[in-house]
Each structure stands twice: as C-alpha cells, then as structure tokens.
Novice: 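Can you read through this structure? Questions will come right after.
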Amino acid sequence: MSTMQATTVSCPNCGRTNRVPVAAEGRPRCGHCKQFLPWMVDAGDADFTEVAERAGVPVVVDLWATWCGPCRMVSPALEKVATELAGRIKLVKVDIDKNPRLSQRFEVQAVPTLLVLDRGETVARQAGAAPAPALRQWVEQSITTREGRSG
C-alpha cells in the first residue's frame, strides 16, 4: 500500500497507545494486549479506493459536513459503534465539502449519509443521525448479511 499515514488509537482494553495505518491488510490489533483496535480514519477523493474499497472488513462510511449539526451529533455514536465492533468494521469519515467527487458518486442528498461497503459495494445506506444502539443494530444487520454471503 502506498498510503503511509497512520492515526493514533488508545486500546479500549489496556489503554496503551497504538499507531494504526489508514490502509492495511487485515485488522489492527493492540501491540501490547493483542485485542482488536477500533479502526477509525478519514478519507477523501484521492485515497478513498485504497482506504475504504480495498479494506478486508466491512466499512462504515460517514459522509458528513462541518456545518451539519446532526453530523456532529452522530460522530460520537459512530465512534462508539466502531469501538464496540473493533475487529469487525472500519469507520471511514468523508467530509463532503472537501471531497465533492465522493459526494457526487454516492449521490449525497442529505448529511449525514451513512453507508456500509463490502469490498467497495454499497450493501446498506441510510441518511440522518441516530443514537448509537440504533446505528449498531443497523451496522450489525448489514455485516451479518455480508458474513452470510461470504461465509
């Protein structure tokens, strides 16, 4: 992979800080306790294919905007879901104002727009904010469908 960017994540299990690449094979694990880490990254027009479409796990895409109040409300809920489902999903956040090609490609009419991608294919989509339990249920139903197809 050409992307050498990384984010820093605290392990929810042991609290250690880990560097997690934005794009990589497999699923990130804590270097200390070996538990799966939440995988939350930003992507844009230039690196979306590498970061989101080539991921080996289902990807939850958050198409959002800085001026959007519901987007700011849903962000912590999505991060909670990504932490709870560490090792099962990757959360990719896309600022639609900075990435108009992705906004156009996914025909974003309202923000936030949430997608679940399976190897680059959209398998679920919803617009609007929701609380963490509802988001988790939506994501789990979407990835269970995926796991049923590939397993």
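Both backbone and side-chain heavy atoms feed into the values below; hydrogens, waters and symmetry mates do not.
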Novice: When you measure from the side chain of Asn18 to the backbone of Gly31, do you find a donor-acceptor pair of N or O atoms at a distance under 3.5 Å?
Specialist: yes
Novice: Would you call Trp67 and Asp97 a side-chain contact if the rule is heavy atoms closer than 4.5 Å?
Specialist: yes
Novice: Side-chain contact, heavy-atom cut-off 4.5 Å: Thr7 with Val22?
Specialist: yes
Novice: For Phe36, check ring-ring contact (aromatic ring centres under 6.0 Å, His included) against everything at least two apart and list the hits.
Specialist: none
Novice: Taking Asp118 for its side chain and Val123 for its backbone only, find out whether a donor-acceptor pair lies under 3.5 Å.
Specialist: no
Novice: Quick check for you: to the nearest 0.5 Å, what is the distance between Glu107 atom CD and Gln109 atom CD?
Specialist: 7.5 Å
Novice: Within a strict 4.5 Å, meaning less than it, do heavy atoms of the Pro112 and Leu63 side chains meet?
Specialist: no
Novice: Heavy-atom distance under 4.5 Å between the side chains of Met40 and Glu79, does that happen here?
Specialist: yes
Novice: Do Ile96 and Val111 touch side chain to side chain, with heavy atoms closer than 4.5 Å?
Specialist: yes
Novice: Going from CG on Asp45 to CG on Asp95, what distance comes out if it is rounded to the nearest 0.5 angstrom?
Specialist: 10.5 Å
Novice: So, does Asp47 use its side chain to make a donor-acceptor pair with the main chain of Gly44 at under 3.5 Å?
Specialist: yes
Novice: Is it the case that the side chains of Lys98 and Thr66 hold a donor-acceptor pair, with the cut-off being a distance below 3.5 Å and no angle test?
Specialist: no
Novice: Is the closest basic N to carboxylate O distance between Asp62 and Lys93 below 4.0 Å?
Specialist: yes
Novice: The test is side-chain contact (heavy atoms from CB on, under 4.5 Å); show your working for Thr49 and Arg54 and say whether it passes.
Specialist: CA-CA 6 Å; Thr49 297; Arg54 294 183 185 153; 3.9 Å; yes
Novice: So, Arg136 and Glu84, do they make that salt bridge, N to O below 4.0 Å?
Specialist: yes
Novice: Heavy atoms only: give me the nearest Ala130-Gln126 pair and the separation to one decimal.
Specialist: CB-NE2, 4.2 Å
Novice: Identify the heavy atoms of Cys33 and Cys11 that sit nearest to each other, and give their distance.
Specialist: SG-SG, 3.6 Å
Novice: Do Leu78 and Val60 make a side-chain contact, defined as non-hydrogen atoms from C-beta onward lying under 4.5 Å apart?
Specialist: yes
Novice: Search all heavy atoms of Arg16 against all heavy atoms of His32 and return the closest pair with its distance.
Specialist: NH1-ND1, 3.1 Å
Novice: Is there a side-chain contact between Phe106 and Thr113 in this structure, where contact means two heavy atoms from C-beta onward sitting under 4.5 Å apart?
Specialist: no
Novice: Is the shortest heavy-atom distance from the side chain of Ile89 to the side chain of Trp39 under 4.5 Å?
Specialist: no
Novice: Between Ala65 and Cys71, which heavy-atom pair has the shortest distance, and what is it?
Specialist: N-SG, 3.7 Å
Novice: Determine whether a donor-acceptor pair (N or O, by modelled atom type, separation under 3.5 Å) exists between the side chain of Ser142 and the backbone of Trp138.
Specialist: yes
Novice: Are Val41 and Trp64 joined in one hydrophobic group, where the rule is that I, L, V, M, F, W and Y side chains link up if heavy atoms are under 4.5 Å apart?
Specialist: no
Novice: Among Val51, Leu85, Val61, whose side-chain contact (heavy atoms from CB on, under 4.5 Å) with Lys90 holds?
Specialist: Val51
Novice: Ignoring hydrogens, what is the shortest heavy-atom contact between Leu117 and Ala52? Give both atom names and the distance.
Specialist: CD1-CB, 4.4 Å
Novice: So how far is it from Leu37 CG to Thr8 OG1, rounded to the nearest 0.5 Å?
Specialist: 11.0 Å
Novice: Can you give me the closest heavy-atom contact between Ala46 and Arg101, atom names plus distance?
Specialist: N-NH2, 4.2 Å
Novice: Assess the residue pair Leu114 and Leu135 against the criterion (side-chain contact (heavy atoms from CB on, under 4.5 Å)); give the C-alpha distance rounded to whole Å, side-chain angles, the decisive distance to 0.1 Å, and a yes or no.
Specialist: CA-CA 10 Å; Leu114 307 174; Leu135 290 171; 3.5 Å; yes
Novice: Just by distance, with hydrogens left out, do Glu140 and Thr144 show a side-chain donor and acceptor under 3.5 Å apart?
Specialist: no
